[in-house]
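From a predicted model like this one, the values you see are computed outputs, not experimental measurements. Each chain gets a letter, A, B and so on, in the order its sequence line appears, and its residues count up from 1.
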2 protein chains.
Amino acid sequence: MAHGHLDLLLLAVLRRGGPQHGYAVIAGLREASDGAFDLPEGTVYPALHKLERDGLVQSEWSSEDGRKRRVYALTGAGRTALVARKTEWAMFRSGVEAVLA
Amino acid sequence: MAHGHLDLLLLAVLRRGGPQHGYAVIAGLREASDGAFDLPEGTVYPALHKLERDGLVQSEWSSEDGRKRRVYALTGAGRTALVARKTEWAMFRSGVEAVLA
DNA sequence: CTGCCATACCTAGATGATCTAGGTATGGCT
DNA sequence: AGCCATACCTAGATCATCTAGGTATGGCAG
């Protein structure tokens with residue numbers, strides 16, 4: 001579904017919406033993309049974990065409302081990576097468009 | 001490198017350039033994309049075989065110039081599939097753009 | 001006050017696409 | 001005669017993503 005651009009999408013959603021928990025990331029992605037990206041939790045949670053291992057996001061358990069949630073936030077490296085992924089996306093996109101033209 | 005859109009790209013190159021052999025498909029893709037997609041043979045040949053299994057392309061051995069080449073051509077189903085993949089690409093692309101905006 | 005649904009998190013293993021890393025054969029040029 | 005570019009191929013590795021489960025809890029309907 002996200003075809004190799006999942007990291008880009010997750011980082012972008014965190015940028016748009018600020019720090020938020022995984023379930024909200026899923027909902028945010030679905031809404032921002034007008035339903036185009038309705039990803040299963042089994043896709044998103046492991047991807048967030050990997051972003052954290054790579055230092056692009058940071059997480060913290062929060063208990064506001066009494067509900068336990070893990071809130072993710074972009075790190076500096078994450079912001080930098082987002083810019084890089086956007087550039088890669090632009091090149092990918094224009095490559096495809098050129099072939100289709 | 002082609003991130004799940006390889007079929008689209010191969011079908012599009014065959015559409016652009018007409019029937020051609022695998023090595024030419026690789027070169028055509030590289031040139032049409034301005035170097036963005038320089039795919040290894042080990043990626044493209046199996047992908048062409050799969051397109052043929054799926055009935056989207058048809059191949060024939062040709063021996064013009066004395067050189068043995070397998071020439072691939074789009075089938076009717078291939079043309080139809082190309083239209084569908086283009087639509088999927090457009091949705092994918094606008095989904096990503098919407099999230100990035 | 002109880003049962004159920006939405007929320008919220010998680011992981012193991014399957015799947016599938018693509019790449020790596022080999023291999024073969026031949027035509028044309030030096 | 002030897003070498004390089006062309007031209008084809010496949011087995012197995014790798015990696016991203018999905019499937020298919022699992023747990024726990026807050027809030028609402030009945």
Could you tell me which residues satisfy ring pair (Phe, Tyr, Trp, His ring centres under 6.0 Å) with B/H5, sequence neighbours excluded, listed by chain and number? A/H3, A/F92, B/W89, B/F92

Closer than 3.5 angstrom, by distance alone: can the side chain of A/S63 be matched with the main-chain N or O of A/R67 as a donor-acceptor pair? no

Nearest whole Å is fine: how far is D/dC9 C1' from B/E52 CD? 14 Å

Partner residues of B/D54 under the side-chain contact (heavy atoms from CB on, under 4.5 Å) criterion, sequence neighbours left out: B/K50, B/L56

Quickly work out the A/L48 CG to D/dA16 C1' distance and round it to whole Å. 14 Å

Report the distance from atom CG of A/D38 to atom P of D/dT17, rounded to the nearest whole Å. 16 Å

Whether each nucleotide of nucleotides 2-8 of chain C has a protein heavy atom under 4.0 Å at its base (B), only at its sugar-phosphate (S) or at neither (-) is summarised, 5' to 3', as -----BB

Checking N1-N3 plus N6-O4 or O6-N4 for Watson-Crick, or N1-O2 and O6-N3 for wobble, each under 3.5 Å, the partner of C/dT24 is D/dA7

A/H49 side chain near C/dC9 phosphate (N/O to OP1/OP2, under 4.0 Å): no

Are B/V96 and A/F37 close enough that some pair of their side-chain heavy atoms sits under 4.5 Å apart? yes

For residues 8-21 of chain B, tabulate all N or O donor-acceptor pairs below 3.5 Å that involve a side-chain atom, not counting sequence neighbours.
unit_1	atom_1	unit_2	atom_2	d
B/R16	NE	A/V99	O	3.0
B/R16	NH2	A/A98	O	3.1
B/R16	NH2	A/A101	O	3.4
B/Q20	NE2	B/V13	O	3.3
B/Q20	NE2	B/G18	O	2.8
B/H21	NE2	B/R69	NE	3.4

Are B/E52 and B/S59 linked by a side-chain donor-acceptor pair shorter than 3.5 Å? yes

Give me the distances for all protein-to-nucleotides 15-18 of chain C N/O pairs that come in under 3.5 Å?
unit_1	atom_1	unit_2	atom_2	d
C/dT18	OP1	B/G4	N	2.7

Contact check, residues 86-98 of chain A vs DNA chain C, heavy-atom distance under 4.0 Å, returns none

Counting only heavy atoms not in A/E60, do more than 12 sit closer than 6.0 Å to its CD atom? no

Return the nucleotide paired to D/dC15: Watson-Crick means purine N1 to pyrimidine N3 with N6-O4 or O6-N4, wobble means G-U with N1-O2 and O6-N3, both under 3.5 Å. C/dG16

